[in-house]
2 protein chains.
Amino acid sequence: MQPSLVNGDSTPRARVQDEIRRDIIFGTLPAGTRITEASLAAKYGISRVPVREALRALEVEGFVESKPFAGSTVSEIPVDDADDLFAVREALEAATARRAARRAAAHFSSGGPDSHWWETRRELAAILDEGDEAVGSGQVELLPELNIRFHLGIAELSRSSSLTALLRQIAGKIEWLYAADVGSRGIRSWAEHRGIMAAIDAGNAQAAEQEMGAHVHGSRLGYLSRFTEKDG
Amino acid sequence: MQPSLVNGDSTPRARVQDEIRRDIIFGTLPAGTRITEASLAAKYGISRVPVREALRALEVEGFVESKPFAGSTVSEIPVDDADDLFAVREALEAATARRAARRAAAHFSSGGPDSHWWETRRELAAILDEGDEAVGSGQVELLPELNIRFHLGIAELSRSSSLTALLRQIAGKIEWLYAADVGSRGIRSWAEHRGIMAAIDAGNAQAAEQEMGAHVHGSRLGYLSRFTEKDG
DNA sequence: CATTGTGAGATTGAATACAATCGCCTTATG
DNA sequence: CATAAGGCGATTGTATTCAATCTCACAATG
């Protein structure tokens, strides 16, 4: 299995892992909550073994902290790290966009896209359409999930499992921040996705990198302004 | 337990996790090797349960890939991602250095350093001394481990568990690359650590960020030059 | 009064046992 | 001969059981 933000629900362990992560991100399990394996096992109707495995994974993902024989607690929401996480995300997603565009450019000269590219690209098209429809019908609450799927899709196009894994980790934290502090993202941000996608399709690595960087930078500024506005 | 590059060996699970990671990084378990839980359990004299937990964690760390009911294999060494990983690391470590310096500056105005800062700072001093001694006596083979500990120590000073966790993940990959391709790092690189430490101690956030960025950038160029030289 | 030791209860860590699934090889069939 | 169906061995996923450790309350002691 890939370390994923949303697993395929193929095993109880994966389901529980997704469910716990979700409960943490959306506040059902607040920061600092003590988590006992037995209670989770009872809640999901399974034994402690898959629960333990899920907790070990969530620990590496940064959502849970554990000490031997002392149990697990929900991590603190990384509000103090928000700006730095966005900064890292800028570098990270600039790289994924650049790589994706390079891969597209390579397709022009050699044969054509392979099945992996084609499949991912098709899913991205669907995501973009879904997002536009959500914007059109005013269902902005669908955007956060679609937004993550778009950015992870671009990472998938980059064909770098290292970068994709890092983005998953950062995206999880940023989703956590949004869920806790500012709610859904803006509509204007969504519209920029088409431009990024076009740059990648055109094989223009420089434009893809630049547009993705600006896009993430805009999100960063938007997040910070809302957050400080909320504070002041 | 913290998701760590080197756990405290407090439980068999943590020991096995460190051991497997080490075997992967240093090539004892080559990329693509199929890993069966029973063989690992036999090798380390424990049952499959802690082995499974270690594998779930290593999966999120990116060293192992698994599919349900199909088993685990050692991931590919991320050679293609090297330059992008360094780019992300630049942004990441610039942030940790900046935060560490800010925290030091805060100590000047308010009372003094807390125990966490003091403890970490003391360990960093020891690491710097050890590294200098290793350089002096020509034992450059000790530098990679000390190098990781230095950079993780700076991250610890930043007091951001998110950034520290991300650096652990990236550091693991970069260590993997070095072990596989170019051997130990240069001596000149080590000497730059003192300057970074001094900038942090002085509370100069701008200088700390700038020096750390240049330091990582130098590592990046050094890695790439050796690698391409080896290729051509 | 603060501190240290101790014991019970709760909780985690690991071992064993069993069920579910996959991969491959055999075999029947057009 | 190519190919699809089915069964068997190997391996993973989960449940159950027991051992090891921690937490916390409470008492003994300086």
Side-chain angles (χ1 to χ4, degrees), chain A residues 1-4 6-21 23-24 29-76, chain B residues 1-4 6-21 23-24 29-75 115:
Chain A
M1 188 205 76
Q2 295 277 15
S4 70
V6 175
N7 286 313
D9 286 11
S10 32
T11 67
R13 197 265 306 164
R15 271 195 300 277
V16 169
Q17 186 174 330
D18 288 344
E19 196 63 36
I20 298 173
R21 188 195 300 108
D23 285 345
I24 292 176
L29 291 173
T33 305
R34 178 161 159 67
I35 302 176
T36 64
E37 299 169 359
S39 67
L40 289 174
K43 178 176 178 182
Y44 297 107
I46 58 177
S47 78
R48 279 176 50 224
V49 173
V51 170
R52 285 178 60 82
E53 294 185 24
L55 287 175
R56 291 295 84 75
L58 289 169
E59 196 179 331
V60 179
E61 291 184 29
F63 290 104
V64 161
E65 293 172 14
S66 302
K67 283 197 311 182
F69 295 102
S72 305
T73 58
V74 177
S75 301
E76 291 297 317
Chain B
M1 188 205 75
Q2 295 278 14
S4 69
V6 176
N7 287 315
D9 286 13
S10 32
T11 67
R13 196 267 306 162
R15 272 195 299 278
V16 168
Q17 186 174 330
D18 288 343
E19 196 62 37
I20 298 174
R21 189 194 300 107
D23 284 346
I24 292 176
L29 289 173
T33 306
R34 178 162 161 68
I35 302 176
T36 64
E37 299 168 1
S39 67
L40 289 175
K43 178 175 178 182
Y44 296 107
I46 58 178
S47 77
R48 279 177 48 223
V49 173
V51 170
R52 284 178 61 82
E53 294 185 27
L55 286 176
R56 291 295 84 77
L58 289 169
E59 195 179 331
V60 180
E61 291 184 30
F63 290 104
V64 161
E65 293 173 13
S66 302
K67 284 197 309 181
F69 295 100
S72 305
T73 58
V74 177
S75 300
S115 70

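Throughout, a chain's letter reflects where its sequence line sits, starting with A, and its residues are numbered from 1.
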Asker: Specify the separation, in whole Å, of atom CZ of B:Arg15 and atom P of C:dG13.
Answerer: 13 Å

Asker: Rounded to whole Å, please give me the gap between CD in A:Gln17 and C1' in D:dG13.
Answerer: 14 Å

Asker: Less than 4.0 angstrom between a side-chain N/O of A:Arg52 and OP1 or OP2 of C:dG13, yes or no?
Answerer: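 Result: yes.
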
Asker: Test A:Glu53 against every option in B:Arg52, B:Arg48, B:Arg13 by the salt bridge (charged side-chain N to carboxylate O under 4.0 Å, His left out) rule and name the one that passes.
Answerer: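 Single pass found, and it is B:Arg52.
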
Asker: Which nucleotide in the list C:dG13, D:dT16, C:dA17 gets nearest to the side chain of A:Ser47?
Answerer: D:dT16

Asker: Give the rounded distance in Å between these two atoms: CD1 of B:Ile46 and P of D:dA20.
Answerer: 16 Å

Asker: With the side chain of B:Phe69 defined as its heavy atoms from C-beta on, choose the nearest nucleotide among D:dT12, C:dA15, C:dG13.
Answerer: D:dT12

Asker: I'd like to check B:Ile35 versus B:Leu40 (side-chain heavy atoms, cut-off strictly below 4.5 Å). Are they in contact?
Answerer: yes

Asker: Roughly, in whole Å, what's the span from CG in A:Leu40 to P in D:dT14?
Answerer: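 It is 15 Å, rounded to the nearest whole Å.
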
Asker: Which one, D:dC22, D:dT12, D:dT17, comes nearest to the side chain of A:Arg48?
Answerer: D:dT17

Asker: Of the nucleotides D:dA15, D:dG13, D:dT14, which has the atom closest to the A:Arg13 side chain?
Answerer: D:dT14

Asker: Return the nearest nucleotide to the side chain of A:Glu37; candidates are D:dT14, C:dG13, D:dA15.
Answerer: C:dG13

Asker: Could you go through the salt bridge (charged side-chain N to carboxylate O under 4.0 Å, His left out) check for B:Asp18 and B:Arg15 one step at a time?
Answerer: CA-CA 5 Å; B:Asp18 288 343; B:Arg15 272 195 299 278; over 6 Å; no

Asker: Please tell me which of the listed nucleotides, C:dT16, D:dG13, D:dT11, lies nearest to the side chain of B:Arg34?
Answerer: D:dT11

Asker: Contact class for B:Ile35 vs. all strands (heavy atom < 4.0 Å): base, sugar-phosphate, or nothing?
Answerer: sugar-phosphate

Asker: Any heavy-atom pair between the side chains of B:Ile24 and B:Val64 that's under 4.5 Å?
Answerer: yes

Asker: Any heavy-atom pair between the side chains of B:Arg21 and B:Glu61 that's under 4.5 Å?
Answerer: yes

Asker: Which of the following nucleotides, C:dG13, D:dT14, D:dC22, is nearest to the side chain of A:Ala70?
Answerer: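 Of C:dG13, D:dT14, D:dC22, D:dC22 is nearest to the side chain of A:Ala70.
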
Asker: In whole angstrom, what separates B:Lys67's NZ from C:dC22's C1'?
Answerer: 10 Å

